[in-house]
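We're numbering straight along the sequence, starting at 1. For ligands, and for the atoms within them, numbers begin at 1 and follow the listed sequence.
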Amino acid sequence: MVEVLVTGGAGFIGSNFVRHALSAHPDWRITTLDKLTYAGRLENLKEVLDDPRHQFVRGDITDAAVARSLVARSNLVVHFAAETHVDRSILGAGDFIHTYVFGTFVLLEAAREAPGLRRFIQISTDEVYGTVTTGASRETDELKPRNPHAASKAGADRLAYSYFATYGVPVIITRASNNYGPYQFPEKVIPLFVTNAIDGQAVPLYGDGLNVRDWLHVADHCRALDVVIERGEPGEVYNVGGGNEVANLDLTRRILAALNRSEDLIRPVADRPGHDRRYCLDTTKLGGLGWRPQIDFAAGLGETISWYRQNEWWWRPIKQGDPAFQAYYSRQYEGR
Ligand code: NAD
Ligand code: DAU
């Protein structure tokens, strides 16, 4: 059996990856380590909680004892755990830096001592390149993060590389573009706008709505990680982009049209400070390992919208029953 540790596996991408991996790799035994922050939810793993090849451990990656004991028995670490919402990092960056920079350091220290570790996959992001004026970011481009979340990711990205260069830890770094799909926390733009629109509520569009993101279906991301784990080279960075550049206004219109809602629901609000105008990834390097995104954006967005329509049990308790979410929403959007 291959012993796999997935950090942050109760979050959006992590839970999709755990489900995918258990089905795609019968010889993998997975331990999910997750602190269950506001964004980590056991419901995301409901299909695999009783799977004998899966174990859930509630714990913090910054806890060296926990990290050491779990990393020591692993052949593969896939490190997703992080604070992930840019707007929250603008409200306060401390948790971002603690979790992602210090937490990654704790995991890497544990990895140095792990006898059977074959790969340590550091899940970074396209945001580390900063805003992209023309063309597409390549793995060798300078990192120019422009918000505290992105800067914490860049710090951990380079820290992970340093553990490869200095100690030979078999680190591979991936930098993915904006993911979408089921189980994404309804603070991010697609699930927020879809669930607001379902309820006939306004959708708060930042600035002029012309910022561009490159959308990647989470299932394509999971398949990319398989390719990187099997064929990637330690010490290397791989961009994972969906090839779907869409301006936020266009995205918003598509969501409203799919839900038969009027564009009158669009509420232009003050822009995000430091709002990166555009992300765009060159994925030639990962293409060379045989990966291509398979999910057409229009189809993937339609399926995602249907998922939120059919799974109100999942998001209504967050949006309507969780005072912490309501407090965040008021702080972020009221009077904006
Ligand atoms: P998410 O916010 O949905 O999930 C993060 C998970 O990490 C949660 O389950 C949370 O409980 C857990 N976590 C947080 N702090 C922890 C700690 N100290 N110890 C253990 N667990 C902890 O995030 P996501 O969107 O699934 O993103 C996962 C990873 O992928 C992140 O590293 C993120 O930066 C990266 N990424 C995300 C995107 C995207 O579009 N969502 C794109 C590129 C890269
Ligand atoms: O690009 C990868 C990054 O994608 C990841 O590193 C981050 O963890 C992830 O959260 C995501 O960051 P973004 O800031 O791009 O995602 P978000 O969904 O917050 O915003 C997408 C775009 O939508 C962005 O241009 C801001 C805009 N937006 C967002 C929200 C929440 C709005 O116009 N209104 C909103 O209410």
ask   = N/O of Y206 under 3.5 Å from N/O of ligand 2, yes or no?
value = yes
Whether T7 lies under 4.0 Å from ligand 1, heavy atom = no
ask   = Does any pair with a residue in residues 108-151 pass ring pair (Phe, Tyr, Trp, His ring centres under 6.0 Å), and if so which ones, sequence neighbours excluded?
value = F96-H149
note = The atoms of ligand 2 lying under 4.0 Å from a heavy atom of D87, numbered in the order shown, are 31 (C)
ask   = Quick one: do L49 and L36 end up in the same hydrophobic cluster if we chain Ile, Leu, Val, Met, Phe, Trp and Tyr together by side-chain heavy atoms under 4.5 Å apart?
value = yes
request  = Report yes or no: is the cationic atom of R336 (NZ for Lys, CZ for Arg) closer than 6.0 Å to the six-membered ring centre of Y206, at no more than 45° off its axis?
outcome  = yes
remark   = So for K153 against ligand 1, with non-hydrogen atoms under 4.0 Å, the contacting part is side chain
remark   = If we number the atoms of ligand 1 from 1 as shown, the ones under 4.0 Å from a heavy atom of A82 are 5 (C), 7 (O), 14 (C), 31 (C), 32 (O)
message = Is there a path of hydrophobic side-chain contacts, each under 4.5 Å between heavy atoms of I/L/V/M/F/W/Y residues, joining L107 to V169?
response = yes
Ion pair check, E43 and K46, cut-off under 4.0 Å = no
Identity and distance of the protein heavy atom lying nearest atom 36 (O) of ligand 2 = Y333 OH, 2.6 Å
key: Identity of the nearest option to atom 19 (O) of ligand 2, non-hydrogen atoms only, from R213, R272, R88   = R272
query = Any nitrogen or oxygen of L33, main chain or side chain, under 3.5 Å from a nitrogen or oxygen of ligand 1?
reply = no
Salt bridge R175-D157, side-chain N to carboxylate O under 4.0 Å = yes
message = Using a plain distance cutoff, I'd like to know if E83 has any nitrogen or oxygen under 3.5 Å from a nitrogen or oxygen of ligand 1.
response = no
request  = Quick one: look at L36 and ligand 1, take heavy-atom pairs under 4.0 Å, and tell me if it's side chain, backbone, both or neither.
outcome  = backbone
inquiry  = Out of L216, N248, N178, L192, who is nearest to atom 16 (O) of ligand 2 when you count heavy atoms only?
reply    = N178
request  = Using atom types as modelled and distance alone, determine if a side-chain donor or acceptor of N244 lies under 3.5 Å from a backbone N or O of G242.
outcome  = yes
Atom 1 (O) of ligand 2: nearest protein contact (heavy atom, Å) = D126 OD1, 2.4 Å
inquiry  = Below 3.5 Å, N or O to N or O, backbone or side chain included: is there any such pair between K188 and ligand 1?
reply    = no
message = Out of all atoms in ligand 1, which are within 4.0 Å of some heavy atom of T37? Include the element for each.
response = 10 (C), 11 (O), 14 (C), 15 (N)
remark   = Ranking F80, F102, Y183, F185 by closest non-hydrogen atom to atom 28 (C) of ligand 1, top hit is F80
ask   = Is there a nitrogen or oxygen of K35 sitting under 3.5 Å from a nitrogen or oxygen of ligand 1?
value = yes
request  = Could you tell me whether R277 and D208 make a salt bridge, using a distance below 4.0 angstrom between a side-chain N and a carboxylate O?
outcome  = yes
query = With backbone taken as N, CA, C and O and side chain as the heavy atoms from C-beta onward, which portion of D276 lies under 4.0 Å from ligand 2: side chain, backbone, both, or neither?
reply = neither
Where ligand 2 meets Y279 - atom numbers and elements under 4.0 angstrom, heavy-atom basis = 1 (O)
remark   = The atoms of ligand 2 lying under 4.0 Å from a heavy atom of K188, numbered in the order shown, are 10 (O), 18 (O)
ask   = Checking D199 side chain against Q201 main chain: does a donor-acceptor pair fall under 3.5 Å?
value = no
request  = For ligand 1, note which part of N179 has a heavy atom under 4.0 Å away: side chain, backbone, both or neither.
outcome  = both
inquiry  = Starting from atom 8 (O) of ligand 2, what is the nearest protein heavy atom, named by residue and atom, and what distance separates them?
reply    = T84 O, 2.8 Å
request  = Give a yes or no answer on whether the side chain of Q55 reaches the backbone of T32 with a donor-acceptor pair at less than 3.5 Å.
outcome  = no
request  = Considering only NZ, NE, NH1 and NH2 on the basic side and carboxylate oxygens on the acidic side, decide whether D87 and R331 come within less than 4.0 Å.
outcome  = no
remark   = Heavy-atom proximity to atom 42 (C) of ligand 1, picking from S152, S177, A67, points to S177
key: Winner among I13, T125, V106 once heavy atoms are compared against atom 37 (C) of ligand 1   = I13
message = Which residue and atom name correspond to the protein heavy atom nearest atom 7 (C) of ligand 2, and how close is it?
response = E127 OE2, 3.3 Å
key: Side-chain H-bond candidate by donor/acceptor type, K188 with T84, under 3.5 Å   = yes
key: Pair D60, T62: side-chain N/O donor-acceptor within cut-off below 3.5 Å   = yes
query = Taking only heavy atoms of P204, which atoms of ligand 2 are found under 4.0 Å from at least one of them?
reply = 32 (C), 33 (O), 34 (N), 35 (C), 36 (O)
request  = Find all atoms of ligand 1 within a distance of less than 4.0 Å from any non-hydrogen atom belonging to S124, and give their numbers and elements.
outcome  = 43 (C), 44 (C)
key: Proximal atoms of ligand 2 relative to E187 (non-hydrogen, under 4.0 Å)   = 31 (C)
request  = Please state whether H149 comes within less than 4.0 angstrom of ligand 2, counting heavy atoms only.
outcome  = yes
remark   = The protein heavy atom nearest to atom 21 (C) of ligand 2 is V189 CG1, 3.6 Å
query = Under 4.0 Å between a Lys/Arg side-chain N and an Asp/Glu carboxylate O for D220 and R223?
reply = yes
key: Ligand-side contact atoms (ligand 1) for residue partner G59, heavy atom cut-off under 4.0 Å   = 19 (N), 20 (C)
request  = Report yes or no: does H275 have a heavy atom closer than 4.0 Å to ligand 2?
outcome  = yes
query = Just heavy atoms, cut-off under 4.0 Å: does V86 contact ligand 2 by side chain, backbone, both, or neither?
reply = side chain
inquiry  = Between W291 and D226, do the side chains contain a donor N or O and an acceptor N or O under 3.5 Å apart?
reply    = no
ask   = With a cut-off of 4.0 Å, which atoms of ligand 2 are near a heavy atom of L205?
value = 33 (O)
Pair E127 + K153, salt bridge at N-O below 4.0 Å = no
message = Against Y183, only a single residue in W315, Y308, W307 fulfils ring-ring contact (aromatic ring centres under 6.0 Å, His included); can you say which?
response = W307
query = Do any nitrogen or oxygen atoms of H149 come within less than 3.5 Å of a nitrogen or oxygen of ligand 1?
reply = no
key: Under 4.0 Å to a heavy atom of H85 - the qualifying atoms of ligand 2, by number   = 19 (O)
message = Could you tell me if R88 sits above the aromatic ring of Y328, with its cationic atom closer than 6.0 Å to the ring centre and no more than 45 degrees from the axis?
response = yes
query = For F80, what residues pass the ring pair (Phe, Tyr, Trp, His ring centres under 6.0 Å) criterion, not counting sequence neighbours?
reply = F17
Per-atom contacts of ligand 1 with A39, taking only distances under 4.0 Å to non-hydrogen atoms = 2 (O)
message = Hydrophobic cluster membership, with links at side-chain heavy-atom distances under 4.5 Å among I/L/V/M/F/W/Y: are Y180 and V194 in one?
response = yes
query = Is there a heavy atom in T62 that sits closer than 4.0 Å to ligand 1?
reply = no
key: Minimum-distance protein heavy atom relative to atom 9 (O) of ligand 1   = D34 OD2, 2.6 Å
inquiry  = So is A10 touching ligand 1 or not, going by heavy atoms under 4.0 Å?
reply    = yes
key: T125 N/O to ligand 2 N/O under 3.5 Å   = yes
request  = Mark up the atoms of ligand 1 that fall under 4.0 Å of a heavy atom belonging to N178, in ascending order.
outcome  = 40 (O)
